[in-house]
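Heavy atoms only: backbone and side chains are in, while hydrogens, waters and symmetry mates are out.
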Amino acid sequence: MSLTFHWFLPTNGDSRHVVGGGHGTPATESGRDRPPTVAYLSQIARAAEDLGFAGALTPTGAWCEDAWLTTAMVSQNTERLKFLVAFRPGFVSPTLAAQMASTFQRQTGGRLLLNVVTGGESHEQRAYGDFLDKDARYRRTGEFLEIVRGLWQGKNVDLEGEHLRVEEAKLARLPAPVPEVYFGGSSPIAGEVAAKHVDVYLTWGEPPAAVAEKIAWIRGLAAKEGRTLRFGIRLHVITRDTTEQAWAEANRLLEGFDPETVRTVQAGLARSESEGQQRMLALHGGGRDRLEIHPNLWAGIGLVRGGAGTALVGSHEEVAERINEYHSLGIDEFVLSGYPHLEEAYWFGEGVLPRLRARGLWSHPFRGATAAPPVAQIPFADAGGRR
């Protein structure tokens, strides 16, 4: 199986420095360097499409632009790139969400993927009017996906659950193809939901041994349900022609972390209810030393950013080797990002992807296995997203 790579649309703004946000923490001011205009995000999306990324993740939360609306607009400036739209099932009716997904598929030629985010922080959920606790939110997610999948199969759905109730729900037009569902979570109840309902289980970038344990856990749960899942990993990436250049860039980013910002962010994230977030924090303990937690795996991003906090750092060959290491564990999909997202897409697409193609691990999803990733002639945007 050819590996699949997705890039990231920074709908909270982009910068040559790390832009924070996520899990209830505010986005840092560096996100204002390049505002998330449709023009700028479309530049990133077109670059990702040309380079060979199959899709692009768009985040969800109070700290960024709405993922559904943004990707609907950006999709009109691309041709083949898929959009991995993150959304929170507690904020929208399951029948309406199924209908929205069906419409998205028709209007984009089947380019929607769904990243279901249950919601890790109760205080942020309450701001949206959701007052369930964490375990209840996961149980509601299971009901939500049961309804949505039934509707996508053309069924008339009646369900009276603990949290959701629908009667005679039906879609007038079915999505073609049915969007694949991506999902992550480290708690026991998250594993149960994944095993029953999702297509791709995502983990944040922990060291390979920890990732192997997660894969084995989810595989076992899915087997009890008679299901087989695919696995993906969410990472940042800093790849350069040489090892020294890559680590120099990582150190440049680290030097830009204001100590007070680090303390504030870490204090906020320490209160997170998310087990995945606590696992991220444990990788660095809030300190700047010992950030390389596995060869070429750097935990520095997590000092100022919630959620995915690790990056692959190294030469193109070293990064390709780490990707192969994760692949050997069972990871087939990689959701990547880098600061700034336009330039880093080219560093990875022109430096690492050809090496993976040479190893027989990847082929361009739109141009065939023998085509080299092209250099798209896309002019850079200025700080306002204008060309």
Practice task
Quick one: which residue pairs count as a salt bridge (charged side-chain N to carboxylate O under 4.0 Å, His left out) with a foot in residues 269-278, not counting sequence neighbours?
Solution key: Arg137-Glu273
Practice task
Could you tell me which residues satisfy salt bridge (charged side-chain N to carboxylate O under 4.0 Å, His left out) with Arg111, sequence neighbours excluded, listed by chain and number?
Solution key: none
Problem - By salt bridge (charged side-chain N to carboxylate O under 4.0 Å, His left out) - contacts of Glu244 (at least two apart) - result: none
Exercise for the section: With sequence neighbours left out, write down each residue that passes side-chain hydrogen bond (donor to acceptor under 3.5 Å, both in side chains) with Asp158, or none if nothing qualifies. Expected result: none
Handout entry: Sequence neighbours excluded, every pair satisfying side chain to side chain donor-acceptor pair (under 3.5 Å) that has a member inside residues 276-286
Key = Glu206-Arg279
Exercise for the section: Using the test side-chain hydrogen bond (donor to acceptor under 3.5 Å, both in side chains), find all partners of Glu180 that sit at least two apart in sequence or belong to another chain. Expected result: Arg230
Problem - Sequence-distant partners of Glu260, salt bridge (charged side-chain N to carboxylate O under 4.0 Å, His left out), two or more places apart - result: Arg263
Handout entry: Residues in salt bridge (charged side-chain N to carboxylate O under 4.0 Å, His left out) contact with Arg165, at least two apart in sequence or another chain
Key = Glu167
Practice task
Go through the structure and list residues passing side-chain hydrogen bond (donor to acceptor under 3.5 Å, both in side chains) with Gln153, not counting sequence neighbours.
Solution key: Lys155
Exercise for the section: Give every residue pair that meets the salt bridge (charged side-chain N to carboxylate O under 4.0 Å, His left out) criterion with at least one member in residues 81-109, sequence neighbours excluded. Expected result: Arg88-Glu124
Practice task
Would you mind listing every salt bridge (charged side-chain N to carboxylate O under 4.0 Å, His left out) that reaches into residues 294-323, with sequence neighbours excluded?
Solution key: Glu317-Arg355, Glu317-Arg359, Glu321-Arg359, Arg322-Glu325
Exercise for the section: Under the side-chain hydrogen bond (donor to acceptor under 3.5 Å, both in side chains) rule, collect the residues that match up with Thr203, sequence neighbours excluded. Expected result: Lys214
